[in-house]
Structure formats: structure tokens, C-alpha cells
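Because the structure is predicted, anything quoted here is derived from the model rather than measured. For ligands, and for the atoms within them, numbers begin at 1 and follow the listed sequence.
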Amino acid sequence: MRQDLHYTLDGLDPRGLVEGLMQAVRENPRIQVHTETRLSRTQGTVGRFRSVLEQGEKRITIEHGATIVATGGKEAGTTLYGYGSSERVMTQSEVEKGLSEGSLDAAALDTVVMIQCVGSREPGAHNYCSRVCCAAALKNANQLRKANPQVRIVILYRDMMTYGFLESYYTEARRQGVLFASYDPADKPRVQFENGKPVVTFTDTILRDEVRVSADLLCLSTGVEPDPSHQELGEKLGIALTQDGFFQEAESKWRPVDCLKEGVFLAGLAHSPRPIVEVLAQAEAAAQRAFVYLSKGRLTAARMTSKVHDSLCARCRTCITACPFEARSYDVVNHRVTVDAATCQGCGICAVACPNGAAELKGPNDRQNLAIIEASLMGSWSAGP
Ligand code: SF4
Ligand code: SF4
Ligand code: SF4
């Protein structure tokens, strides 16, 4: 979405920021950039991935210790509220572009209506909050009023998602005279066109009355949707998608930028829609997580890993399918199931799935387990009530 961003609510210059980063990357002799390139396939595990890239007819094989997925996202399209049938109906990013590049004349506008949550937060549509479009509405309202202080702006919303310090911009917009009216999702605004102008009718939930506003410009907050490559890329990388089509993290609180697959990390809209400041923090976190692996001379296996009792194993491969970390594979030369100790997380799923008791966790034995229990009980007794 970099091309769509010209300014942010809190005054960042996203284009300048990205240009600076791109230049630093181009000038770094240790970074290779492959543009117009697709990932053909990838195999291996953390510390020793091997990926084949397609660049037209050319195939490039690279070896890498970690993978960071930063596919980005895009503004969702819509056919609602007359979008596509009138030049007076635009999305937030089109208004931003028009104001920045001068193709939208704010001085010629008397009334602008913005509708929030268009095609969002509903089953069947993008059933999530994109977290950026309320801020986009405020920043565009701000820019419109800077260019034309007389313009009347009405924002129709379900909830204003201006969390954290962004709340102050919402308060300021109200103080500046931007009108906010909430609508009920069961009774959405309706748009018809009169003399080429969009006329928006909505039920004001406070006045409990129907309001009609004739607008010179209708601006729609359509939210963010995942990059269309996600399904295919997820299958190639062996990482899961959420029901909304973004990539799934391993654990939202403790491993928020890790994928379940060891050595694969997420940054930005690949993971979920979020403001640029959060994207930058997440990208730094992903880089640092990757660095933890890359900086080590050797990787140690999890304390508890799984093993295979060859004599009990029926080679049914149930455990290979069951393992969520792809730590198990079938050795076709020796006809046996093998476990990659560096990838195994010791989750025990294979041990549960194996019908023959041939998959087992190499943890403490029964005697050691009893000793652990005894030691912890001794600890709690000596600590007293
Ligand atoms: S950020 Fe605002 S407009 Fe966008 S989906 Fe969330 S509540 Fe709706
Ligand atoms: S599920 Fe058990 S028996 Fe089947 S291949 Fe795996 S270890 Fe062997
Ligand atoms: S314990 Fe078994 S299922 Fe879990 S990661 Fe290791 S091999 Fe895979």
C-alpha cells in the first residue's frame, strides 16, 4: 500500500521514509534484491532453507537461514454506494492521491460525506476491522479543511477506531466542526444520485430521524484486504492463513511475529491490517527474531524432541501428516520415518497420532518425572502456606 500513502494522520512522510529505506538497501553490498520475481518452491528447515526463485525464464536458487514474509496488502475494492458509476464517489486512498497530486480541487467542494466500514466487519464481506480507515478518514478530512476551511464534512461511522493517541485527532476534528454521525449496520446509509450528485440518506441514531445530505464528493472507507498471493505462498512456505486470508502467527502474545513453522516470520499487512507506526515496529521485531537464528553458529534442538521406534513403526506416515511443524519426513532410501531435531518443537502430537506407539517424546523417563514431581512438592511444602 506504499503507493497509496502520501501522508499520515500524525505527520509522517511515508514516501520519504520508504525512499530512504530503499536507497539504504540498494547501497548495502550484503543485500541482494530480486524484483519481478516469484517464489517457485522452498524446502528445508530453519538455518538451512533452500528456495528457488522464478525470474521470467531464469531460475535462481538461494540458501537462507530464515524467511520474513512481508507481502503487504491493498485497499479493498467495492461496488457499493455507486462506486464505479460516478466520479463523485471515491475511496479514501483516491481522495488522498487526488489531494496530494492536485487532481482533486478541494476549493470546489461544499459538502463531503464519508462512509466508514464499507464492505467490512460483516459475515461474507471482510469480516474484520482494518484499523486504518478511520484514521484515513480523519487525515483526509483534515487535508480537505486545510485546503478549504469552508467545506462541510460529514463522517458516517459504526465505531471510530482511533485508538491510543489517535483519539486526540478525533477530538480535534470534532472541535474543528467535522460532523460525526453513527449508523446502525442493520440500517446502512443509502445513496441515490440527483443531477449527478450523490445524495446520502441515513438514520441519525441520536436524533432518531432520517437525514438527507447532498454531497459534492462521497468518500468510502473500504478497508484493507490481503495480497492475493497469500494462498499460494502459504502452501509453498508451509505456513497457515487466518480465516480472513492473512498469515497466522504462532501465538498472538508470546510469538506475535513468528509463524508456527520455525524460522519463518511475519511483518506488516501480511499479518494483519495496521497503521504504519505499528508496521515499522513489527518489521523490526521480525528482523530481530530472524537475527536470533542467523547470529548463532549452531542451532540447538528443543529440550524435548520426538523420536521413532523403528521396530514398532508400520511406516503408515500418519505422524508425518499430523506434525504441524513439518519436522517428520519419510526417508525413501532407508525406508524409515525421520525427525528433524532442529525443527521438532516437542509438542507431542505425533505421539498421540501414532497408532503403534512408535512415535515417542524424548523427555524425562518415568523415574525422572517422579523425581521432578517430588522436588516440586518438597519446594511447595518448605515454602509453607
Ligand atoms: S478502521 Fe474504522 S472504517 Fe475501518 S473497518 Fe475499522 S471501524 Fe470500520
Ligand atoms: S504414525 Fe507411528 S507407525 Fe505410523 S509412520 Fe509414524 S511412527 Fe510409524
Ligand atoms: S513432537 Fe512430533 S508432532 Fe510435535 S513437532 Fe516434534 S515431530 Fe512434530
In terms of side-chain geometry, is the basic nitrogen of [X] or [Y] positioned less than 4.0 Å from the acidic oxygen of its partner?
| X | Y | answer |
| --- | --- | --- |
| R48 | D340 | yes |
| R175 | E172 | yes |
| K58 | E54 | no |
| E251 | R255 | no |

> Would a 4.5 Å heavy-atom cut-off, applied to side chains only, mark T8 and P14 as touching?
Replying inline: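 In contact.
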
>> What I'd like to find out is whether the side chain of P273 reaches to under 4.5 Å of the side chain of F246, using heavy atoms alone.
In response: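 Contact flag for P273/F246 side chains = yes.
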
Looking only at protein heavy atoms, which one is nearest to [atom], and how far off is it?
| atom | result |
| --- | --- |
| atom 3 (S) of ligand 2 | A314 N, 3.3 Å |
| atom 6 (Fe) of ligand 2 | C319 SG, 2.3 Å |
| atom 2 (Fe) of ligand 2 | C354 SG, 2.3 Å |

>> atom 6 (Fe) of ligand 3 and C344: any N/O/S contact shorter than 2.8 Å?
In response: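 Checking C344: at least one N, O or S atom is under 2.8 Å.
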
> Near R328, which atoms of ligand 3 are under 4.0 Å from a heavy atom of that residue?
Replying inline: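 Answer for ligand 3: 7 (S).
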
> With atoms numbered from 1 as shown, which atoms in ligand 3 lie under 4.0 angstrom from a non-hydrogen atom of G346?
Replying inline: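 Those atoms are 1 (S), 6 (Fe).
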
>> For C350, which part has a heavy atom under 4.0 Å from ligand 2: side chain, backbone, both, or neither?
In response: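 It is neither; nothing of C350 touches ligand 2.
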
>> Yes or no: does A353 have any heavy atom under 4.0 Å from an atom of ligand 2?
In response: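 A353: no contact with ligand 2 (<4.0 Å).
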
> Heavy atom under 4.0 Å from ligand 1: found in R121's side chain, backbone, both, or neither?
Replying inline: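 The answer is the side chain.
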
> Has C117 got an N, O or S atom lying less than 2.8 Å from atom 4 (Fe) of ligand 1?
Replying inline: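 Looking at C117, which is the residue asked about, there is no N, O or S atom under 2.8 Å from atom 4 (Fe) of ligand 1.
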
> Does C347 approach ligand 3 within less than 4.0 angstrom via side chain, backbone, both or neither, non-hydrogen atoms only?
Replying inline: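 Looking at C347 and ligand 3, atoms from backbone and side chain both fall under 4.0 Å.
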
> Side chain, backbone, both or neither: which part of L361 has a heavy atom under 4.0 Å from ligand 3?
Replying inline: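 Side chain only.
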
> Is the NZ or CZ atom of R289 positioned over F265's six-membered ring, under 6.0 angstrom from the centre and within 45° of the axis?
Replying inline: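 The answer is no, since R289 fails at least one limit relative to F265.
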
> Which of the listed options, A136, S130, A137, holds the heavy atom that is closest to atom 5 (S) of ligand 1?
Replying inline: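 The nearest heavy atom belongs to S130.
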
>> So for R158, does at least one of its heavy atoms come nearer than 4.0 angstrom to any atom of ligand 1?
In response: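 The answer is no: ligand 1 sits nowhere under 4.0 Å from a heavy atom of R158.
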
> Using 30° and 60° as the class limits, which term best fits the ring planes of F180 and Y170: parallel, tilted or perpendicular?
Replying inline: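 Judged by the thresholds at 30° and 60°, the geometry between F180 and Y170 is perpendicular.
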
> Where is the tightest heavy-atom contact between N356 and A314, given as atom of each residue plus distance?
Replying inline: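 The answer is ND2-CB, 3.3 Å.
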
